[in-house]
Amino acid sequence: MKRVVVTGMGAITPIGNSVEEFWKSVKENKVGIDEITKFDTTDYAVKLAAEVKGFDPKEKMGFRQAKRMSAFSQYAVCAAKEAMVQSGIDMAKEDPYRVGVSVGSGIGGMKDMEEEHQKLLEKGNDRVKPLLVPMMITNMAAGNVAIDLGAKGKCINVVTACATGAHSIGEAYRAIQCGEADVMVAGGTESAITPLGVAGFTNLTALTKSQDKYKASIPFDKDRSGFVMGEGAGIVILEELEHAKQRGAEILAEVAGYGATCDAYHVTSPIEDGSGAAKAMEIAIKEAGKKPEDVDYINAHGTSTHHNDLFETRAVKLALSDAAKNVKISSTKSMIGHLLGAAGGVEFITCVKSIQDGYIHPNVGLKNLDEECDLDYVMGEGIHQNVDFVLSNSLGFGGHNATLAVKKYMAD
């Protein structure tokens with residue numbers, strides 16, 4: 001099997017609209033949660049979200065191009081542009097059929113759907129905008145990224161709810177491993193902070209009703225009360241190792257393993273013993289040729305819901321056994337909320353940066369650790385230490401589990 005490395009990264013997040021800005025904010029423990037500005041929440045119990053701020057798509061693309069895309073596609077295209085620039089890939093020198101795209105969105109263009117449905121009811125069917133369908137369907141992030149970059153290889157849209165970003169990167173990794181592509185543009189994107197989106201998750205009792213932005217998203221805290229909706233995109237360039245070496249690319253990290261399982265248990269709750277997520281971790285560790293004691297850090301799914309954080313703790317114990325107590329664990333959602341389909345992409349970037357900088361961020365806001373979440377969940381300040389091998393977990397409604405194993409690249 002071919003080896004796969006990371007050569008570029010791009011991000012649009014609630015705490016920064018580039019990887020550099022995002023990572024700087026992470027190291028400052030910046031919280032990107034605040035009052036919702038995208039619609040009037042007067043009649044809503046939920047008042048907070050982690051919105052992208054200061055984003056102007058016209059700065060990264062033409063006005064006409066931006067106008068024809070929903071926000072989730074705009075985020076993906078802009079993040080992909082950043083990733084491609086960092087990678088140094090010149091598409092004029094590549095076989096475009098060997099460059100693919102694997103970018104997913106859990107929900108797609110919900111805002112466009114809501115607005116046009118209202119228009120349908122109030123003004124009639126002939127007033128619905130012609131581009132509604134290509135703006136709202138989830139595969140259009142991948143399609144628009146491919147069009148923008150001129151990537152003509154495999155182009156797929158993985159949709160597994162909150163595991164979408166991780167599965168998208170994992171399937172891109174597999175495509176390169178198996179020789180289907182030399183380069184894959186991969187990750188997740190989302191923009192679903194809308195009246196219907198917030199109402200749906202609220203009535204599912206998934207969202208916190210806290211109005212204190214510093215106590216809203218507090219994974220593993222005994223006072224946690226639900227997740228905070230976020231938005232953004234995390235896109236990476238994955239590349240076959242020899243292809244990257246031949247063009248003299250800077251290699252940021254190596255993707256070493258990928259585990260994907262299903263709980264086959266419940267539409268929203270993870271299985272209580274954590275066995276599904278544990279098996280995904282076990283598969284990823286084994287494929288990487290590592291042992292549980294080799295894991296330095298786990299970027300947890302850590303949503304700040306009671307069930308997820310408790311059951312994920314059980315999963316880590318099941319997967320790593322005695323080694324579980326020695327692993328540093330934190331959730332990036334403590335700063336940026338839950339980016340749904342984009343979460344796995346942004347959290348994968350966090351893992352790569354942790355390896356590069358030798359830094360593990362804390363669970364910002366974690367004050368009172370749940371007695372049943374009894375692992376080494378980083379509290380207070382971040383930790384500076386050597387980071388060689390990490391796991392990134394993503395779990396999605398429907399029982400979808402994905403674990404990506406990333407390691408420091410070591411030249412032969």
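The residues of the chain are indexed from 1 along the displayed sequence.
- Distance NZ/K333 to CD1/I33: 12.0 Å, rounded to 0.5 Å.
- Going from atom OG1 of T7 over to atom CG of L252 covers 6.5 Å, rounded to the nearest 0.5 Å.
- Scanning both residues, C78 and M61, for their nearest heavy atoms gives SG-CE, 3.7 Å.
- Side-chain atoms of E272 and Y265 include a donor-acceptor pair closer than 3.5 Å.
- Taking each heavy atom of A79 and A233 in turn, the nearest pair found is CB-CB, 4.2 Å.
- We find that R224 and D370 are joined by a salt bridge, their nearest charged nitrogen and carboxylate oxygen being less than 4.0 Å apart.
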Check your understanding: Stepwise, does the side chain to side chain contact (heavy atoms under 4.5 Å, CB included) test hold for T268 with H266?
Key -> CA-CA 6 Å; T268 58; H266 191 271; 3.1 Å; yes
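- T202 and L207 make their closest contact through OG1-CD1, 3.6 Å (heavy atoms, listed as atom of the first residue, atom of the second, distance).
- At a cut-off of 3.5 Å, with distance as the only test, a side-chain donor of T37 or E51 sits close to an acceptor on the other residue.
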Practice item. Under the side chain to side chain contact (heavy atoms under 4.5 Å, CB included) rule, what do V99 and L149 come out as? Steps first, then yes or no, please. Key: CA-CA 9 Å; V99 180; L149 300 179; over 6 Å; no
Practice item. May I have the step-by-step check of salt bridge (charged side-chain N to carboxylate O under 4.0 Å, His left out) for D376 and K328, ending in yes or no? Key: CA-CA 5 Å; D376 191 357; K328 305 296 182 186; 2.7 Å; yes
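- E231 and K111 are not joined by a salt bridge, as no carboxylate oxygen comes within less than 4.0 angstrom of a charged side-chain nitrogen.
- Residues P14 and L339 are in side-chain contact: their nearest non-hydrogen atoms beyond the backbone lie under 4.5 Å apart.
- In this structure, E180 pairs ionically with K154, as a charged nitrogen and a carboxylate oxygen lie closer than 4.0 Å.
- A ring-ring contact (aromatic ring centres under 6.0 Å, His included) with H301 is found for exactly one of H338, H307, H400, namely H338.
- In this structure, a donor-acceptor pair under 3.5 Å is present between the side chains of E114 and T194.
- By the 30° and 60° cut-offs, the orientation of the rings of Y359 relative to H384 is tilted.
- Contact annotation: the side chain of V406 approaches that of I355 to within less than 4.5 Å [non-hydrogen atoms, C-beta and beyond].
- Here the NZ atom belonging to K209 is positioned 13.5 Å from the OH atom belonging to Y44, to the nearest 0.5 angstrom.
- With contacts defined as side-chain heavy-atom distances shorter than 4.5 Å, the pair V255/V6 qualifies.
- Residues E94 and R98 are not paired through a salt bridge, judged by the lack of any N-O separation under 4.0 Å between the basic side chain and the carboxylate.
- Looking only at atom types and distance, the side chain of N144 has no donor-acceptor partner in the side chain of Q65 under 3.5 Å away.
- Between D90 and R247 there is no salt bridge, since no side-chain N of the basic residue sits under 4.0 Å from a carboxylate O of the acidic one.
- A salt bridge is defined here as a Lys NZ or Arg NE, NH1 or NH2 lying under 4.0 Å from an Asp or Glu carboxylate O, and D374 with K317 meets this definition.
- A donor-acceptor contact shorter than 3.5 Å is absent between the side chain of K279 and the backbone of C262.
- In this structure, E190 contributes its side chain and G341 its backbone to a donor-acceptor pair below 3.5 Å.
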Check your understanding: Does the pair D34 and K53 meet the rule for a salt bridge (charged side-chain N to carboxylate O under 4.0 Å, His left out), with working shown?
Key -> CA-CA 11 Å; D34 215 326; K53 304 161 189 71; over 6 Å; no
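- Here the closest heavy-atom approach between residue P362 and residue M379 is recorded as CB-C, 4.3 Å.
- Residues E254 and R3 have side chains in contact (heavy-atom distance under 4.5 Å, counting atoms from C-beta outward).
- In the model, S210 has no side-chain atom that pairs as donor or acceptor with a side-chain atom of D212 under 3.5 Å.
- Using a 4.5 Å heavy-atom threshold, the side chains of I285 and V295 count as touching.
- Atom CE in M69 sits 14.0 Å away from atom OG in S191 (nearest 0.5 Å).
- Defined by atom type and a distance below 3.5 Å, a donor-acceptor pair is missing between the side-chain atoms of S392 and E347.
- Between the side chain of D296 and the backbone N or O of F389 there is at least one donor-acceptor pair closer than 3.5 Å.
- By the side chain to side chain donor-acceptor pair (under 3.5 Å) test, E20 is found to be paired with no residue, residues two or more places apart in sequence or in another chain being considered.
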Practice item. Quick one: do I89 and V183 satisfy side chain to side chain contact (heavy atoms under 4.5 Å, CB included)? Show the steps, please. Key: CA-CA 9 Å; I89 291 174; V183 177; 3.7 Å; yes
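- A donor-acceptor pair under 3.5 Å links the side-chain atoms of D309 to the main chain of T303, judged by distance alone.
- Evaluation of the side chain to side chain donor-acceptor pair (under 3.5 Å) test over residues 156-178, restricted to residues two or more places apart or in two chains, returns T138-N157, T160-H167, E171-Y258, Y173-Q177, Y173-E287, R174-Q177, R174-E287, Q177-E287.
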**Study point:** side-chain hydrogen bond (donor to acceptor under 3.5 Å, both in side chains) between N299 and S330, worked out
**Key:** CA-CA 5 Å; N299 188 287; S330 64; 5.0 Å; no
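- Considering all non-hydrogen atoms of both residues, N308 and P270 come closest at CA-CG, 4.3 Å.
- The main-chain N or O of A181 is never found under 3.5 Å from a side-chain atom of E240 such that the two would form a donor-acceptor pair.
- Within the 4.5 Å cutoff, the side chain of F72 has no heavy atoms near those of the I107 side chain.
- If you check the side chains of S225 and T208, you find a donor sitting under 3.5 Å from an acceptor.
- Q86 places a side-chain N or O within donor-acceptor distance of the main-chain N or O of M9, the cut-off being under 3.5 Å.
- The aromatic rings of Y297 and H361 sit perpendicular, their planes meeting at an angle over 60°, well past the 30° parallel limit.
- Listed for the K119 side chain is no donor-acceptor partner under 3.5 Å among the backbone atoms of G124.
- Considering every non-hydrogen atom in both A76 and I235, the closest pair reads O-CG1, 3.9 Å.
- Not a single donor-acceptor pair under 3.5 Å links the side chain of E239 to the backbone N or O of V5.
- Here D223 contributes atom CG and S304 contributes atom OG; the two are 10.0 Å apart, rounded to the nearest 0.5 Å.
- D294 and K407 are not joined by a salt bridge, as no carboxylate oxygen comes within less than 4.0 angstrom of a charged side-chain nitrogen.
- Distance NZ/K30 to CD1/I336: 12.5 Å, rounded to 0.5 Å.
- Side-chain contact between K353 and V19 is present, with at least one heavy-atom pair separated by less than 4.5 Å.
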Exercise for review: For Y377 and I298, run side chain to side chain contact (heavy atoms under 4.5 Å, CB included): C-alpha distance rounded to whole Å, both residues' side-chain angles, the deciding distance at 0.1 Å, then the answer.
Suggested key: CA-CA 10 Å; Y377 292 105; I298 296 176; over 6 Å; no
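- Listed for the E116 side chain is no donor-acceptor partner under 3.5 Å among the backbone atoms of L132.
- With a 4.5 Å cut-off on side-chain heavy atoms, V316 and L375 count as touching.
- At least one donor-acceptor pair under 3.5 Å links the side chain of N363 to the backbone N or O of S331.
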